[in-house]
Every structure is written in C-alpha cells, then in structure tokens.
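Atoms considered below: every heavy atom in the structure, side chains included; atoms not considered: hydrogens, waters and symmetry mates. The shown structure was predicted, so the numbers you read here are calculated from the model rather than taken from an experiment.
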Amino acid sequence: MAFYEKYTSRNRDDFATLEDLQKNYTLNVPDNFNFAFDCLDEMAAKTPDALALLWVSNQGQEKRFTFEDIRRLSVKAANFFIAQGIKKGDMVMLTMSRDWRFWAVLMGLHRMGGVAVPATYLLTKKDIEYRMNISSIKMLLTTPRFGVTQAMEEALPECPTVKKLAVFGSSDGYSLPGGTDWIDFDKELEASPETPIGRGTIASDMMLMAFSSGTTGYPKMVWHDYTYPLGHIMTGCFWHRCEEGGLHFTISDTGWLKSLWGKMYSQWLAGSAVFAYDFDKFSAPDILEKIEKYKVTTFCAPPTMYRFMIKEDLKKYDLSSLKHCTTAGEALNPEIYKVWQAGTGIKIFEGFGQSETTLSCWTGYPWMQPRLGSMGIPAPGYRMIIADEDGNEVGPGVTGEICIRTDQEGGGKPFGMFSGYYRDEKMTQDVWSDGLYHTGDTAYKDEIGFLWYVGRTDDVIKSSGYRIGPFEVESVLMEHPAVTECAVTGVPDEERGFAVKATIVLSQGYSGNDELTRELQTHVKKITAPYKYPRIIEYVQSLPKTISGKIRRVEIREQDTR
C-alpha cells in the first residue's frame with residue numbers, strides 16, 4: 001500500500017504532465033506530525049506482515065523484518081532510552097554502520113523526542129571529540145566493529161557532556177569493550193517493555209542533527225524538524241520510483257543523511273521494502289552480485305561507485321530485476337551513464353540536494369529524459385534560481401550560484417529543508433537571509449530550464465577571463481579509458497591568473513608520461529572549448545577525499561600553493 005498518498009495532493013501517477021506536477025504538487029503536514037506514530041504505526045496496523053527491511057551482513061547472514069517487527073522494536077528502543085535518562089531534546093550519537101538495529105533505534109528516538117545524530121564509523125578520535133563537544137552529545141550508541149569503541153574511549157576524557165555509552169552486538173557474539181561502563185544494548189533492548197509511550201513532540205521540534213560533509217572547513221551542524229521525512233516523498237516515491245512490493249537499495253552508510261534519502265522514510269511510504277547490506281569495504285562485483293541475488297528493483301549509488309561498477313563486465317550479472325536507477329552526491333559524468341545503460345539497459349536519473357535540503361533538483365519522472373551532464377530541473381516544492389554575487393537572478397547560459405527562494409512569494413520554505421545551523425546563528429544568516437538560501441554550488445540554466453552543474457563556488461577557475469567549471473573538464477577526461485578518477489583545479493599563473501590543472505588516477509595498464517599527457521590534452525581540446533584544456537597534468541595514486549568520499553579540491557589547491 002502506498003501510504004504517501006495520505007500526505008500529498010494527488011497520487012504520483014495522477015499527474016498528467018510535468019507542468020501539472022510542478023504547479024499542483026503539495027504536501028499536507030499535521031502540526032504534530034511524527035513519522036513513528038503517524039506512518040510506521042499505521043503501516044504496522046494495515047500491513048503488519050509486509051516486508052520492511054531485508055538486512056544482509058558482511059558474512060552473508062540474513063534478517064527480515066516486517067513493519068510490525070520494526071514498530072515493536074522501536075517501542076522497546078524508546079523505552080530503553082527513557083530508562084537511560086534520555087529526555088526530549090537530548091542528543092544521541094548513532095555510529096551504527098548499516099546494522100539492522102539502526103531502523104528500530106531511529107524510530108525509537110522519534111517516538112520519545114530524543115535528537116538523533118548520525119555519525120559514520122570512519123571518525124577518528126579528533127573527529128569524535130569535535131562532534132561530541134560542539135553538539136553536547138549525551139549518549140553514544142555504536143557498533144563494536146571498525147575500532148569505533150576504542151576511538152570513542154580515547155575521546156571520552158575530553159567530552160564532559162557524554163553520560164551514557166552503549167554498544168550492540170553481544171547477541172551476534174561480539175564482546176563488550178573493557179575499561180569503561182559500556183551498556184549492553186542488545187541485552188537491555190530485549191528486557192525493555194513494549195509499553196507504548198505518548199506523543200510528546202510537534203512538527204517544528206528538532207528531530208535530527210547531522211554534520212555536513214563539506215569540502216572546506218569544519219563540518220556544520222545541520223538540524224531538521226519532524227517534517228523532514230515528508231519532504232522526502234519526492235525522493236523515494238517520485239525520483240527513486242519505489243513501488244509496492246519492491247526492494248530498494250541505497251548503498252550509503254547510516255552515518256550520512258543520504259541514508260535517510262534512501263533507506264527508510266519515503267521507501268516505506270511508497271510501500272517498498274529496504275535492502276541493507278552491511279559490508280566492510282565496497283567491492284563492485286560484490287554489490288552487483290547482491291543486486292542479482294536479492295532481485296533489487298530500484299537502486300541508488302554515488303557516481304564514484306557506478307564508476308567502479310562499469311569497470312566490470314556487467315553482462316556477467318543478471319540485473320533484470322532492476323527497474324530504475326538513480327545517483328546523487330556529486331555530478332554524474334556522461335561516460336558513466338552511457339556505459340551503465342549499455343550494460344544494463346537502465347538509465348541513471350540524477351538528483352541534487354544537500355544535508356540542508358531534501359531532493360531539490362532532479363530528473364526522474366516518466367516525462368523527463370535525462371540530458372547527459374545535466375542535474376535536471378528544480379524539484380516540486382523548490383523554487384531555485386541561478387544568482388549573481390548580489391543575489392540577482394541571471395539569464396540562461398550564465399554561470400551563477402544555485403539559490404533557493406524561501407520567501408512567501410517564492411512559496412515559502414520547502415518541507416524537509418533544514419531549520420538552521422545548530423548553535424550558529426551567524427553562519428545561518430550568512431547563507432540564508434532575505435528569503436534566499438545560498439547553496440554554495442554553481443551552475444547555469446539552459447533555455448528550457450535544465451540546470452548544468454559547474455562546481456562549488458570556491459572551485460570555479462578564472463583563467464584568461466574565462467570562468468571554467470571543474471566538472472565539465474573532468475567529464476571529458478573521464479571519457480578517456482586511461483582515466484579512472486580525476487580532479488580539476490586552478491593553479492596560480494602569472495599570465496592567465498590561473499591555469500587549469502588535472503590531477504589524475506590512471507586506469508590499470510596505463511602509466512603517466514609526456515606522451516599520455518599530450519594525448520589527454522588533445523582529447524580535451526577536441527571535445528570541449530580549447531581554452532578549458534588542462535595545461536598541467538599530475539598523476540597520483542589516489543585523490544584526497546572527505547570522510548563521505550567527496551573529492552577535496554581545496555586540498556589539492558593548498559598543496560599547489562605551498
């Protein structure tokens with residue numbers, strides 16, 4: 001059953017045209033909306049035996065959970081947190097990888113009003129200290145894997161707000177860490193009562209706080225209220241095209257908000273089950289095998305992962321269950337799109353958003369065909385403009401900053417958009433004032449309204465009077481078989497201001513030399529405007545990246561100016 005229809009103006013298949021969708025798509029959100037009570041409980045009541053979650057461990061262990069299973073476990077989780085002294089508004093950090101307990105825990109926190117703070121298991125002691133202290137974390141709940149408990153214990157002496165530590169996995173054979181008072185979550189969850197608790201939240205309360213994965217500076221604390229899940233109806237029901245009886249697979253670790261784009265709210269609202277594979281290390285053949293074995297119907301992964309998957313012989317795998325594929329997190333190179341479609345018969349539909357938003361720009365509806373290299377058009381509910389440095393909208397073909405209008409004339413704040421940066425009013429006002437939110441990303445709009453990504457505002461290269469976006473040069477380089485990954489940046493140049501530089505990770509079997517450099521430069525000149533070609537090419541073993549896998553061009557620029 002598609003539960004999202006209760007909150008939308010019409011069923012997704014009732015919209016006759018794209019114009020109809022853009023003008024008439026609206027959401028109806030109750031003042032005291034809470035996903036755990038209003039959605040999960042209703043799903044459990046109406047379809048108690050329907051599959052909600054299919055979880056597979058790194059060792060191949062399988063667990064299946066119905067909506068009634070998740071509801072029951074979430075009530076027990078809520079009572080667990082209450083018993084530990086967690087109150088409404090208290091921050092609880094969740095470092096849970098892709099473990100099945102995450103779904104029950106998050107719903108449990110929603111029930112009792114605790115604020116969930118997802119965190120990746122890749123964090124170091126320094127990362128953990130920063131996050132705990134700046135957000136006043138009160139409790140930690142973590143996986144026993146990846147050395148996370150050790151890093152947390154090392155950080156604890158510098159983190160006075162943390163009062164409770166819990167680790168799961170004892171029922172899977174893991175031992176509790178020694179030397180600190182770790183709560184055995186599995187044991188306590190099993191003992192927690194199934195007594196329902198009353199609703200104590202309203203829609204505007206803080207539900208979730210996440211650290212952004214920016215490519216510069218310290219992560220920002222982005223907080224969302226209880227309307228956030230309904231803002232993702234467009235994500236899962238319309239863009240992912242999840243459907244009743246389907247199985248959706250979004251790869252993301254639960255430490256990132258991208259996991260909530262594709263692992264819970266809107267997939268369930270569409271009547272689809274979620275597939276969660278708790279792997280230790282990404283392997284393209286492994287992921288393709290899982291899609292084949294479990295008959296995944298809808299799939300979402302960042303372009304980086306598609307890039308590795310297309311290096312495999314896609315014809316070796318039976319991917320016939322796939323009906324729809326999507327990508328987000330970084331710009332999609334056209335070459336990846338072409339090879340994936342040739343190997344699977346499935347197009348990749350791109351989407352754009354941030355930790356601060358839900359899906360805000362997209363391709364994916366039946367009337368919309370991807371335009372190779374384009375990020376699509378603004379999603380219904382989002383009024384996006386391309387603006388100059390003064391915030392004025394520019395015309396087609398002119399590169400500017402992607403901005404979102406949130407004033408009443410622009411339709412107000414979209415559902416699912418963030419409420420601000422926690423404890424940083426100045427930063428909030430720096431990016432969001434006078435009814436205009438500045439995303440920090442640049443693009444240009446073509447004559448029919450499609451947006452074309454250029455890069456972060458700091459990444460645009462100004463060379464000899466030209467403004468050159470790194471993505472357009474990277475896309476051309478990625479078409480060459482010698483290139484597995486690349487990052488394009490500007491380096492200071494006395495004559496041009498900045499010269500274009502490409503930092504390249506080569507494909508297996510290629511070696512960096514002057515002949516290959518000339519070949520790559522000629523390749524770029526033939527396909528795009530000659531002034532964009534990289535005058536400098538450096539070959540490296542790997543590119544600097546954020547914890548979430550985004551290329552840190554800023555680090556390359558800093559290295560080049562030392």
- Item | Side-chain ion pair, R71 and E42, N-O less than 4.0 Å | no
- Item | Carboxylate-amine/guanidinium proximity below 4.0 Å for R64 and D69 | no
- Task: Taking the six-membered ring for Trp and the full ring for Phe, Tyr or His, determine whether the centres of F275 and Y294 are under 6.0 Å apart.
- Result: yes
- Taking the six-membered ring of F279, is the NZ or CZ of R98 close enough (under 6.0 Å from the centre) and on axis enough (within 45°)? yes
- Message: Check this for me: does any side-chain nitrogen of one of K258 and D253 sit under 4.0 Å from a carboxylate oxygen of the other?
- Response: no
- Quick one: do D313 and K315 make a salt bridge, cutoff under 4.0 Å? no
- Message: Assess whether a salt bridge exists between E243 and R241, defined as any Lys/Arg side-chain N lying under 4.0 Å from an Asp/Glu carboxylate O.
- Response: no
- Pairing of D205 and K88 as salt bridge, 4.0 angstrom limit: yes
- Dump the intermediate steps for ring pair (Phe, Tyr, Trp, His ring centres under 6.0 Å) on Y437 and F418, then the final yes or no. CA-CA 11 Å; Y437 166 63; F418 79 135; 5.5 Å; yes
- Pi-cation contact, Y25 with R10 (under 6.0 Å, within 45°): no
- Aromatic contact, W223 with Y422 (centres under 6.0 Å): no
- Query: In terms of side-chain geometry, is the basic nitrogen of D278 or K63 positioned less than 4.0 Å from the acidic oxygen of its partner?
  - Reply: no
- If you draw a 6.0 Å radius around CG in D31, do more than 12 non-hydrogen atoms from other residues or ligands fall strictly inside? no
- Query: Salt-bridged, R101 to D172, with N to O below 4.0 Å?
  - Reply: yes
- Message: Applying the ring-ring contact (aromatic ring centres under 6.0 Å, His included) criterion to F65, which one of W100, W268, W103, F102 satisfies it?
- Response: W100
- State plainly whether the residues R199 and D38 are in salt-bridge range, i.e. N to O under 4.0 Å. yes
